[in-house]
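Heads up, the thing below is written out as structure tokens.
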Amino acid sequence: MKNYGPPAFAAVRGEGLYLYDEAETRYLDFGSGIAVTSVGHSHPKWVAAMQTQVATLTHCSNLFSIPGQQKLADRLVAQAGPGRVLFCNSGAEANEALLKLARLHGQRISGAEGKRYTVVAAHNAFHGRTFGGMAATPQEKIQGGFRPMLDGFKFGQLNDIESFDRLLDDSVAAVFIESIQGEGGVFPAEAGFLQELRALCTERSTLLMLDEVQCGIGRSGHFFAFQQSGVQPDAIGMAKGLGGGFPIGAIWVADAHAELFQPGSHGTTFGGSPLASAAANAVLDIIEAEALVEQVAANSPAWHQALKALAQKYPGQIECVRGAGYMVGLALKPEGHNLKVTTAAREQQLLIVPAGHNVIRLLPALTATNNQLQESVTILDSVFATLA
Ligand SMILES: *Cc1c(COP(=O)(O)O)cnc(C)c1O
């Protein structure tokens, strides 16, 4: 169908930070399939783990216990804190599960179904394309044509605690925001804002649910992006980078709320299959063995600095540089320049991703070396020089 624009080229092979087309042209991939191939393309350890698992057991359904899934859940709990994990297949599905959790929480604290169910999300958010995800994504380009939206969503302004304070009355079951807004143009939630939001949610008996689908699993230089703030959320949604290229999503829910889901209240045929769990366990193995979270944190300041120097060199094209770790956005001008720069970069064999509000996004694999980060700056320098 025609829901995607015309494709740039046919991608046929990937290796590490590089993607190859049919003519074997090599691209430096700073899109990573939209923040998915977190350990690069075809990492040998990931490939070996997948090959072994395919030949052992691919799928059996959640009617059986799946040792790899249990192991993965334990590892995510070790990162997020005492709680439980539920698996699914995508970011949108993870967020659907969080929105269902919010309804169960509202019922629990109000004593009746349908009494307390409002979710307060943020303007400029992106939470996926399902009806729940769309309703939490207040953008015409996402919602247009699909109304009526699911009932019960209100929106505050990211990093404006007053705007959330005003909305958090006793109709609200949960606050739901991205720790770093991705599709909306790379806007990090500030540490102070998250801390105040945590306090407000606790005071008003409202869940704090964080969408870490894009910014999680090491990308920010912390395992979860919210960890820079020291807050403890009630629930987390994740997907994209978790499987390193194989579809998997998950929610983590703190112990205090994890019993809201009871046998029969939610389910999935594919979620957390032996193969999907093997993919995610391999990603976590590689992240640990190569100390990738530490490496992202160590490598990114110099890279951000070099990108900021580009912004000073091309003030007519670059407004500012935002982000954390290996999740960086360059806000451009004039209007529409992000699409031109994306195309021009591709012509110089650098792949990047456009985002909302005239932004280009750089999302290299966590395995990107300092040389590769520098190479992205060199190519962008040449792109901006060409377009100047
Ligand atoms: C990509 C994304 C989603 C949707 O994930 P899918 O796997 O495409 O369903 C949800 N939230 C955020 C923050 C995302 O970046």
Side-chain angles (χ1 to χ4, degrees), residues 3-4 30-38 86-102 119 121-139 141-143 146 150 153 155 158 174-189 194 208-220 222-226 233 235-252 268 270-273 276 279-280 283 322-329 352-357 359-364 366:
N3 56 313
Y4 297 109
F30 272 43
S32 306
I34 317 183
V36 167
T37 49
S38 47
L86 178 153
F87 291 99
C88 56
N89 309 287
S90 66
E93 273 181 88
N95 291 341
E96 287 295 314
L98 291 179
L99 295 172
K100 289 177 75 171
L101 181 82
V119 171
H123 288 293
N124 197 47
F126 180 81
H127 295 295
R129 305 289 198 147
T130 53
F131 274 98
M134 279 196 297
T137 301
Q139 298 182 45
K141 68 174 184 213
I142 303 292
Q143 297 188 349
F146 300 109
L150 189 63
F153 288 82
F155 301 95
L158 191 74
V175 167
F176 183 36
I177 61 167
E178 293 157 272
S179 308
I180 303 176
Q181 290 186 337
E183 303 301 310
V186 190
F187 290 95
L194 285 174
L208 177 59
M209 313 197 300
L210 297 178
D211 183 343
E212 291 256 347
V213 167
Q214 186 163 154
C215 60
I217 324 295
R219 179 154 294 285
S220 71
H222 295 271
F223 190 85
F224 291 114
F226 69 80
I236 307 166
M238 52 199 120
K240 290 200 168 94
L242 180 59
F246 194 83
I248 184 168
I251 64 168
W252 168 91
T268 165
F270 292 113
S273 75
V283 165
R322 292 188 295 259
Y326 285 8
M327 181 171 179
V328 173
I352 56 178
V353 191
H357 298 302
V359 169
I360 54 168
R361 251 182 305 173
L362 309 179
L363 305 160
L366 312 186

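Bear in mind the structure is a predicted one, so any value in this text is a computation, not a measurement. Counting convention: from 1, in listed order, for ligands and their atoms alike.
- Here the closest non-hydrogen pair linking Ile180 and Ser220 is CD1-CB, 4.2 Å.
- Residues with a heavy atom under 4.0 Å from ligand 1: Ser90, Gly91, Ala92, Asn95, Phe126, His127, Gly128, Glu178, Asp211, Val213, Gln214, Lys240.
- Applying the salt bridge (Lys or Arg N to Asp or Glu O under 4.0 Å) rule to Glu96 yields no partners; only residues at least two apart in sequence or on another chain are considered.
- Ala94 and Ala250 make their closest contact through CB-O, 3.7 Å (heavy atoms, listed as atom of the first residue, atom of the second, distance).
- Between His357 and Gly184 the shortest heavy-atom distance is CD2-O, 3.5 Å.
- Heavy-atom minimum distance, Val283 versus Gly241: CG1-O, 3.8 Å.
- Contact check on Glu212 versus Arg219 returns no salt bridge, with no Lys/Arg side-chain nitrogen under 4.0 Å from an Asp/Glu carboxylate oxygen.
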